[in-house]
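Below is one structure, written out as structure tokens; the observations come after it.
The structure presented is a predicted model; accordingly, all values stated were derived computationally and were not measured. The sequence lines fix the lettering, A, B, ..., with proteins before strands; numbering per chain opens at 1.
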Amino acid sequence: MARKISIKQAVNEALDQEMARDPAVICMGEDIVGGTGAGGEADAWGGVLGVTKGLYAKYGDRLMDTPLSESAYIGAAIGAAACGMRPVAELMFIDFMGVCFDQIYNQAAKFRYMFGGKAETPVVIRAMVGAGFRAAAQHSQMLTPLFTHIPGLKVVCPSTPYDTKGLLIQSIRDNDPVIFCEHKALYGIEGEVPEASYTIPLSEANIVREGKHCSIVTYGLMVHRSLEAAATLAKEGIEVDIVDLRSLSPLDLDTVLDSVTKTGRLVCVDEASPRCNIATDISAQVAMQAFSALKAQIEMVTPPHTPVPFSPTLEDLYIPSAAQIAAAVRKTIKGGQA
Amino acid sequence: MARKISIKQAVNEALDQEMARDPAVICMGEDIVGGTGAGGEADAWGGVLGVTKGLYAKYGDRLMDTPLSESAYIGAAIGAAACGMRPVAELMFIDFMGVCFDQIYNQAAKFRYMFGGKAETPVVIRAMVGAGFRAAAQHSQMLTPLFTHIPGLKVVCPSTPYDTKGLLIQSIRDNDPVIFCEHKALYGIEGEVPEASYTIPLSEANIVREGKHCSIVTYGLMVHRSLEAAATLAKEGIEVDIVDLRSLSPLDLDTVLDSVTKTGRLVCVDEASPRCNIATDISAQVAMQAFSALKAQIEMVTPPHTPVPFSPTLEDLYIPSAAQIAAAVRKTIKGGQA
Amino acid sequence: MTNPFPLSKDDLLKCYRTMRTIREFEERLHVDFSRGDIPGFVHLYAGEEAAATGIMKHLNSGDRIASTHRGHGHCISKGVDVVAMMKEIYGKKGGTGNGKGGSMHIADLSMGMMGANGILGAGAPLVCGAALAAKFRNKGEVAISFVGDGASNQGTFLESLNLAAVWNLPALFVVENNGYAESTARDYATAVDSYVDRAAGFGMPGITVDGTDFFAVYEAAGEIIQRAREGGGPSLLECKMVRFYGHFEGDAQTYRATGELDDIRANHDCLKKFGVQVTAAGVISAAELQAIDQQVLAVIEDAVQQAKAAPLPTLADLTTDVYISY
Amino acid sequence: MTNPFPLSKDDLLKCYRTMRTIREFEERLHVDFSRGDIPGFVHLYAGEEAAATGIMKHLNSGDRIASTHRGHGHCISKGVDVVAMMKEIYGKKGGTGNGKGGSMHIADLSMGMMGANGILGAGAPLVCGAALAAKFRNKGEVAISFVGDGASNQGTFLESLNLAAVWNLPALFVVENNGYAESTARDYATAVDSYVDRAAGFGMPGITVDGTDFFAVYEAAGEIIQRAREGGGPSLLECKMVRFYGHFEGDAQTYRATGELDDIRANHDCLKKFGVQVTAAGVISAAELQAIDQQVLAVIEDAVQQAKAAPLPTLADLTTDVYISY
Ligand SMILES: Cc1ncc(C[n+]2csc(CCOP(=O)(O)OP(=O)(O)O)c2C)c(N)n1
Ligand SMILES: Cc1ncc(C[n+]2csc(CCOP(=O)(O)OP(=O)(O)O)c2C)c(N)n1
Ligand SMILES: [Mg+2]
Ligand SMILES: [Mg+2]
């Protein structure tokens with residue numbers, strides 16, 4: 001287990017292993033091969049950031065470049081899934097969901113229910129989420145709450161290479177539609193990942209740090225910011241539990257409730273916009289189901305209710321920081337003492 | 001103030017008065033006139049449920065039927081708004097947002113911020129929301145949280161004819177994009193409405209019933225279910241405050257916090273799907289900002305995490321009932337005593 | 001007398017039975033809806049039977065279709081069980097979706113019927129996917145997207161035309177042009193006169209036929225389906241047709257010109273036309289058709305009775321079938 | 001010597017200056033980006049200048065355009081201030097969006113520039129709206145949607161063609177066909193060879209021109225813009241053109257054929273072509289062009305210096321400009 005690879009490589013390896021294992025797995029997206037129809041290198045891009053690079057050489061036409069028509073090709077992935085394939089469609093940036101959302105929430109998500117349980121739609125939609133790339137308002141959103149809100153969709157957002165590989169393989173094998181969110185600012189981070197194939201259930205949160213004074217519940221990039229905050233707080237004698245949700249839907253609420261029951265305090269950290277987001281979702285569930293365990297107010301750390309700004313100065317202020325998270329922990333700890 | 005009209009008439013009257021007042025107000029949508037290009041009656045429909053009926057006779061080409069191309073015509077409304085008009089576009093059912101969402105959340109909602117404050121987009125998008133029509137999974141959703149999540153959008157959902165007229169006129173005059181949600185099951189309810197034009201600010205919740213034992217925070221159809229529940233509870237000696245949010249974004253959180261501070265208990269009722277919805281949003285804000293006022297766990301009453309079922313039997317079980325709301329109130333009251 | 005038609009007498013009788021079943025299914029819904037027996041929105045296919053039937057006659061259960069909000073005709077001609085359909089429309093257990101979907105969401109994947117759809121144009125991308133799956137399976141299967149003239153202006157539909165052509169999919173696009181989208185005239189809402197031109201804008205062949213003429217539909221569909229099976233790629237077929245009833249049940253249809261409905265029923269009834277064609281040719285007798293009419297009436301009556309008698313779903317059904325249980 | 005061109009010498013010099021300004025703006029960004037001075041995604045318009053300039057020459061500030069992710073050329077030729085643009089790209093106060101938008105969101109509504117756009121095809125519906133507003137204003141204004149060959153397959157764009165034709169809007173659609181969408185070839189991703197056919201599929205006239213020939217663009221655009229001003233409705237103009245750089249800065253462009261880039265620079269440089277045309281006709285001297293080149297270099301250098309010196313936005317700016325304050 002000594003080998004270290006990046007999240008980018010973990011995505012590639014998961015796709016590689018599943019494509020090798022199951023001929024029903026096919027991939028489609030804009031430039032996921034790259035150079036199709038052009039006069040130069042085949043497999044020229046492997047996706048806009050090179051995540052799928054090399055797979056075309058192995059699997060040929062099972063990876064397909066698409067026209068710029070997200071409704072058509074995401075819908076095609078969904079339709080193919082309803083007809084026995086296991087497509088993995090790449091929506092380059094999650095921000096583009098607005099041109100193809102219907103296929104996702106009115107079609108894929110609802111088939112099973114509307115058809116009385118007689119449909120399976122094993123499709124995975126991979127998309128880059130999150131800020132930090134100076135990519136501005138239309139290429140930096142999280143939007144995870146929009147998918148989490150929809151019954152019938154599963155929503156996954158890993159924070160480590162290990163989780164990425166295991167969750168992506170599980171998502172591909174899952175028979176429900178899964179929105180697989182890859183944080184673009186995390187592609188480069190490395191971690192130990194077994195070479196062999198393995199899965200992680202979509203229903204288990206992960207406690208990435210243990211502590212008794214306060215629970216931090218979060219996911220994605222914010223797991224790392226929370227770990228930073230935890231290190232700072234530890235120096236002050238404050239020990240936090242950090243719950244990495246990994247899967248936003250289905251939600252492993254039990255792990256959250258157990259943690260809060262232990263610590264009595266909760267800070268929810270979410271990179272998504274503040275209204276109706278994952279932080280409010282978790283906070284509300286805790287205020288309903290573990291109220292008596294709470295020793296103080298719940299705190300939420302989120303960006304402001306604004307689009308993501310372009311200017312690096314502003315974007316850095318926009319994304320929740322370790323300092324803001326630490327401050328929120330201190331605040332709820334103080335709140336309970338008041 | 002004795003005249004009673006329905007919500008449907010209130011919408012029509014608001015549009016009528018604003019079109020009369022301001023030539024920049026134009027309306028567009030599928031069949032909002034009806035019969036365009038056909039050989040029979042002009043103004044044949046006035047919208048699928050007749051809400052805009054009669055306006056064409058008065059304002060002619062300022063009402064436009066559209067092809068079935070929501071992206072194009074909702075986008076056109078937004079573009080026209082950025083060029084000095086005040087369009088009111090009808091998205092027949094909010095469920096259709098999936099084919100035009102990009103224009104709403106990446107365009108209209110973000111112009112002002114991305115352009116450094118130098119744009120105004122005074123567009124109103126009217127849409128029918130909610131269940132109860134036996135219209136099944138793709139014509140019965142609330143989806144209010146999806147819009148509320150987006151910075152830059154305002155989201156309104158009235159529960160009475162009086163509020164409908166005042167809020168719609170205000171929405172048309174507002175210089176930000178407004179999603180105006182009309183609950184189809186409420187079109188027929190009647191109430192007193194002044195004939196003269198008037199506005200209601202988009203930032204004020206309304207206390208529709210006062211009581212000291214528990215706060216119910218809700219909007220839309222659920223206001224009426226909550227009032228029913230309140231009547232039942234009153235017979236048991238339980239008096240509830242009912243806060244009708246009216247505007248989901250911007251949110252009048254102060255009124256909510258004041259109510260909870262008074263009662264010490266909160267039940268949030270939302271017809272939208274349970275994850276990341278308005279109920280979790282309000283609950284979380286209260287658990288953060290008025291925690292010390294809370295005497296018991298917060299309760300949320302929502303539909304289950306499923307698509308809206310077609311069968312009347314199931315749909316009636318799906319929509320939160322007065323009985324469920326009353327039970328939640330009793331539960332939080334009991335919770336505080338335990 | 002020799003049979004001048006491209007189908008055997010047996011097949012002709014089958015097709016007539018299918019068309020008549022659709023017609024009586026819809027006529028019965030019309031009556032039962034006005035009586036208040038049927039909940040929700042109901043869009044009737046009456047008058048358009050020849051299109052669905054003429055096309056579906058070329059398909060096997062491995063071939064797939066995606067339908068519209070006006071889906072009963074597609075379902076019946078694709079072989080979906082009429083009793084299960086009726087139960088679904090009544091919101092009962094035993095319906096195609098156990099009452100969870102209703103008229104706008106009837107589906108039967110085992111018969112290659114991927115669903116009626118409440119979202120206009122949404123079937124077209126799905127059909128690209130079904131055709132892609134067919135391409136990978138490599139057994140010569142095809143997939144067909146039905147779309148109304150109104151929905152032919154949806155971006156999802158237009159994108160799908162391009163994608164199907166780019167991927168050279170065995171996908172067919174049938175525009176059911178009944179002249180109206182709800183109350184709005186096609187000629188107002190669609191910028192081009194001929195769908196042949198629209199198809200050409202996406203690099204695919206297009207054909208226009210009289211959709212009330214079963215044999216015209218059958219022939220044109222046969223040609224493009226065969227081409228798709230052989231790897232020749234997608235095509236678009238426009239069927240010009242008429243809608244006997246309003247957009248949905250309850251529509252007063254004041255947007256129609258005076259006399260329009262009478263003319264439709266009198267001169268553009270695809271069932272009448274079919275009857276005249278096959279009896280005039282002496283291949284089938286009027287009595288044989290009438291016998292089928294009687295049988296079909298009984299079938300529909302039975303379906304309604306079964307639907308009425310079927311149990312309602314219960315609270316336990318509310319939360320099942322969202323996700324797959326593992 | 002008489003002037004054989006449809007523009008006065010003065011106007012020709014202005015157009016050359018515009019094209020050269022775009023070119024140098026982009027060349028400079030290319031250098032500064034590779035140096036790490038510029039954050040985010042930057043898509044350069046270098047090589048495509050003749051299209052924006054030849055079209056925009058026909059417009060007034062009451063006419064509106066909606067641009068793409070590759071928007072600098074459209075902005076400059078529509079009259080957006082180069083210094084404010086450069087500040088925006090550097091993320092500084094005083095930028096067109098005070099640093100909040102960046103390269104992909106430069107806009108200046110006062111100049112009729114409705115915004116670059118990070119969402120492909122999204123400008124087309126907006127332009128329908130701008131054209132609708134123009135129709136209500138009734139002053140003969142037009143609105144133009146720019147779209148790449150890749151984005152011409154987006155449903156939003158396709159729907160807009162139909163809507164513009166149905167409403168007979170003074171809207172123009174310019175397809176900037178540079179042969180690629182990112183790394184994917186146009187000929188793979190677009191099912192039809194000619195955009196004239198696609199336009200015909202939506203009932204509107206289409207024209208294809210050599211987008212690297214300023215005069216060809218100028219003439220074709222003039223015709224369709226004039227028609228739209230007079231109430232003749234929408235048209236589509238395809239400009240065949242070349243992209244000097246990669247899709248975005250950082251693109252290694254290995255998908256290009258060997259020699260492709262050399263050929264582009266050598267034989268398809270719209271600025272060189274323009275220079276040859278106007279000097280050969282004896283209307284403008286090489287020295288006059290060189291003088292402009294020098295002036296433009298100074299303008300760009302100044303813009304960069306101003307951008308570098310401009311203040312950064314601060315925390316106080318983070319939460320302003322979302323909603324309008326009342
Ligand atoms: C995306 C979307 N927009 C609007 C509607 C509402 N709607 C349902 S049917 C219909 C008219 C459809 O016309 P057409 O496509 O010609 O089919 P027809 O009803 O004539 O068979 C409309 C506007 C919808 N269901 N989905
Ligand atoms: C809806 C959407 N899908 C995908 C993208 C990602 N993307 C940005 S530019 C681009 C290629 C655009 O090609 P084209 O339209 O030909 O314009 P060009 O870059 O050649 O000028 C893609 C795929 C996007 N920005 N928006
Ligand atoms: Mg129609
Ligand atoms: Mg291009």
Side-chain angles (χ1 to χ4, degrees), chain C residues 119-126 128 131 145 147-169 171 173 175 177 180-181 184-206 208 232-236 238, chain D residues 119-126 128 131 145 147-169 171 173 175 177 180-181 184-206 208 232-236 238:
Chain C
I119 304 296
L120 293 175
L126 301 172
C128 288
S145 163
V147 75
D149 50 288
S152 74
N153 297 313
Q154 270 288 338
T156 44
F157 175 73
L158 298 167
E159 284 189 0
S160 300
L161 294 181
N162 189 64
L163 183 68
V166 166
W167 282 351
N168 194 38
L169 296 175
F173 299 89
V175 177
N177 177 2
Y180 294 95
T184 302
R186 187 217 88 96
D187 294 346
Y188 163 73
T190 306
V192 72
D193 288 335
S194 162
Y195 283 95
V196 175
D197 292 335
R198 186 157 286 181
F202 294 93
M204 70 173 71
T208 293
S235 304
L236 185 150
E238 175 193 13
Chain D
I119 303 296
L120 294 175
L126 301 173
C128 289
S145 162
V147 76
D149 50 288
S152 73
N153 296 312
Q154 271 290 338
T156 43
F157 175 73
L158 298 167
E159 284 188 0
S160 300
L161 294 181
N162 189 65
L163 183 67
V166 166
W167 281 352
N168 193 38
L169 296 175
F173 300 89
V175 178
N177 177 2
Y180 294 96
T184 303
R186 186 217 89 96
D187 293 348
Y188 164 73
T190 307
V192 72
D193 287 335
S194 162
Y195 283 95
V196 175
D197 292 336
R198 186 155 287 179
F202 294 93
M204 71 174 70
T208 292
S235 304
L236 185 150
E238 175 194 14

Once side chain to side chain contact (heavy atoms under 4.5 Å, CB included) is applied, do any residues pair with [X], and if so which ones, sequence neighbours excluded?
X: C:A200; value: none
X: D:A181; value: A:L68
X: D:D187; value: none

Under the 3.5 angstrom rule, does the side chain of C:D197 hit a backbone N or O of D:G203 as a donor-acceptor pair? no

Just checking heavy atoms, which of residues 151-158 of chain C are less than 4.5 Å from chain D? C:N153, C:Q154, C:G155, C:L158

Among C:D193, C:V166, C:T190, C:L161, the residue with the most heavy-atom pairs under 4.5 Å to chain D is C:V166

